[in-house]
Number of protein chains: 2
Amino acid sequence: MAKRQKVPAGKPDYVKELSKAGIRVTRPRRVIIDILTETDDHPDAMEIFRRAVQVDKSISLSTVYRTMKLLEGFGAIHRHAFGSGPARFENAAGEHHDHLIDLDTGDVIEFKSDRIEALQAEIAQALGYDIVHHRLELYGRKKASG
Amino acid sequence: MAKRQKVPAGKPDYVKELSKAGIRVTRPRRVIIDILTETDDHPDAMEIFRRAVQVDKSISLSTVYRTMKLLEGFGAIHRHAFGSGPARFENAAGEHHDHLIDLDTGDVIEFKSDRIEALQAEIAQALGYDIVHHRLELYGRKKASG
DNA sequence: GGATCAGTTGACAATCATTTGCAAATCAAC
DNA sequence: GTTGATTTGCAAATGATTGTCAACTGATCC
């Protein structure tokens with residue numbers, strides 16, 4: 001028997017976190033979590049479902065949605081709504097960042113700006129609020145200059 | 001007979017703009033446009049429909065949706081998706097601004113920051129993009145301080 | 001290793017927001 | 001007023017997501 005599989009170094013072990021929190025780590029959940037931790041794009045529920053079915057034919061779309069909700073509540077993933085269309089999900093591990101969406105290709109580029117973050121906090125404070133979370137999305141087109 | 005009603009000064013006359021563009025200004029559209037130009041909140045389609053029905057009982061929700069799409073394409077209104085739930089609309093007249101959403105009350109506070117706008121443009125440029133539009137929403141709670 | 005049982009699942013119906021098809025109504029031009 | 005393309009209301013369709021519920025299954029206890 002091979003050694004028990006380990007989560008790649010540097011990535012948080014959500015499986016362990018979940019079981020520690022008294023939430024059952026079932027096969028479907030494990031499959032979905034693996035997909036989420038191994039991808040670096042922003043798949044929607046249907047896409048996660050497609051990938052999950054390739055691993056375990058019996059997984060249902062309902063379970064994908066339920067697991068997304070579970071993981072979101074857990075802070076393990078983030079839910080996005082780029083443009084219109086289905087929600088898209090992203091592993092919450094790693095640093096916070098915002099998104100630039102290429103209007104022509106749909107590509108999502110991640111970026112981070114401490115200065116913008118600071119300004120946001122400043123504005124919220126001035127208005128008498130504490131920020132719980134925010135959403136910053138830039139929608140643009142590649143510069144023609146090329 | 002009273003003088004012909006005029007659009008409040010400073011607000012663009014979408015009715016005129018539409019007819020100039022060869023788009024029919026029908027009664028339902030006029031009613032909906034009036035609602036949009038007279039409100040300063042961010043109603044969703046159902047809310048606009050409710051208000052429209054008070055003016056003209058025969059207006060349908062479909063027409064509200066169709067008119068929203070029409071006006072959006074025209075740049076007359078902006079479509080928002082605060083949190084989850086139905087899209088919410090806002091008259092595009094007036095200066096650009098972003099939104100702070102009160103997570104407890106659902107209140108929407110408008111704000112504007114030239115510095116953030118500038119930083120956004122800077123970031124997009126650095127990534128080789130021109131911004132077509134953006135979305136910045138802060139979700140927060142009133143400071144406990146009070 | 002097996003029994004236990006609350007948590008979880010898959011299948012499918014239901015819901016919510018939005019869009020569409022179509023016949024009837026309506027607007028702007030003549 | 002007549003006309004003809006646009007627009008409307010209605011109802012049915014769609015797409016994304018959630019709810020229901022009987023069947024299943026994973027962690028715990030023996």
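Just so we're on the same page: letters track the sequence lines, and every chain starts at 1. Only heavy atoms go into these numbers, but all of them, side chains included; no hydrogens, no water, no symmetry mates.
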Is it true that A:His80 and A:Glu90 share a donor-acceptor pair across their side chains at a distance under 3.5 Å?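 Side-chain D/A pair, A:Glu90 to A:His80: present.
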
If we count only N and O atoms by modelled type, under 3.5 Å, do the side chains of B:Ser84 and A:Arg79 hold a donor and an acceptor together?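 Absent: no donor and acceptor within the cut-off.
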
Nearest whole Å is fine: how far is [N] [atom2] from [X] [atom1]?
X       : N      : atom1 : atom2 : value
B:Glu47 : C:dC16 : CD    : C1'   : 17 Å
B:Ile23 : D:dA5  : CD1   : C1'   : 14 Å
A:Asp56 : D:dC24 : CG    : C1'   : 13 Å
A:Ile32 : C:dT9  : CD1   : P     : 8 Å
B:Phe49 : C:dA17 : CZ    : C1'   : 14 Å

Verify the contact: side-chain N or O of [X] to OP1 or OP2 of [N], cut-off strictly under 4.0 Å; return yes or no.
X       : N      : value
B:Ser58 : D:dT8  : no
B:Arg24 : C:dT26 : no
B:Arg27 : D:dT7  : no

Can you figure out which of D:dT7, C:dT8, C:dT18 approaches the side chain of B:Leu61 most closely?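 Nearest nucleotide to the side chain: C:dT18.
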
Given D:dT17, C:dG10, C:dC27, which nucleotide is nearest the side-chain atoms of A:Ile59?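 My answer, after comparing the listed nucleotides, is C:dG10.
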
Side-chain atoms of residues 61-69 of chain A: list all donor-acceptor pairs with protein atoms under 3.5 Å, sequence neighbours left out, distances to 0.1 Å.
from, atom 1, to, atom 2, distance (Å)
A:Thr63, OG1, A:Ser60, OG, 3.2
A:Thr67, OG1, A:Thr63, O, 2.7

Interatomic spacing from [atom1] in [X] to [atom2] in [Y] - rounded to 0.5 Å:
X       : Y        : atom1 : atom2 : value
B:Phe89 : B:Ile48  : CZ    : CD1   : 6.0 Å
B:Asp40 : B:Glu110 : CG    : CD    : 7.5 Å
A:Ile35 : A:Arg50  : CD1   : CZ    : 12.0 Å

Apply ring pair (Phe, Tyr, Trp, His ring centres under 6.0 Å) to the pair A:His99 and A:Phe82, showing each step before the final yes or no. CA-CA 9 Å; A:His99 299 93; A:Phe82 302 139; 5.1 Å; yes

Does anything in residues 62-90 of chain B reach DNA chain D, meaning a heavy atom under 4.0 Å, and if so which residues?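 DNA chain D contact set from residues 62-90 of chain B: B:Ser62, B:Thr63, B:Arg66.
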
side-chain contact (heavy atoms from CB on, under 4.5 Å) partner of A:Asp98, the single match among A:Glu117, A:Glu137, A:Arg135: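 Between A:Asp98 and the candidates, side-chain contact (heavy atoms from CB on, under 4.5 Å) is satisfied uniquely by A:Glu117.
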
Once you build an axis from the first five pairs and another from the last five of the helix from C:dG1-D:dC30 to C:dC30-D:dG1, how far apart in angle are they, to 10 degrees?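 End-to-end axis angle for the helix from C:dG1-D:dC30 to C:dC30-D:dG1: 30°, rounded to 10°.
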
Between B:His134 and B:His96, is the ring centroid distance below 6.0 Å?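 Aromatic pair counts; centres sit under 6.0 Å.
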
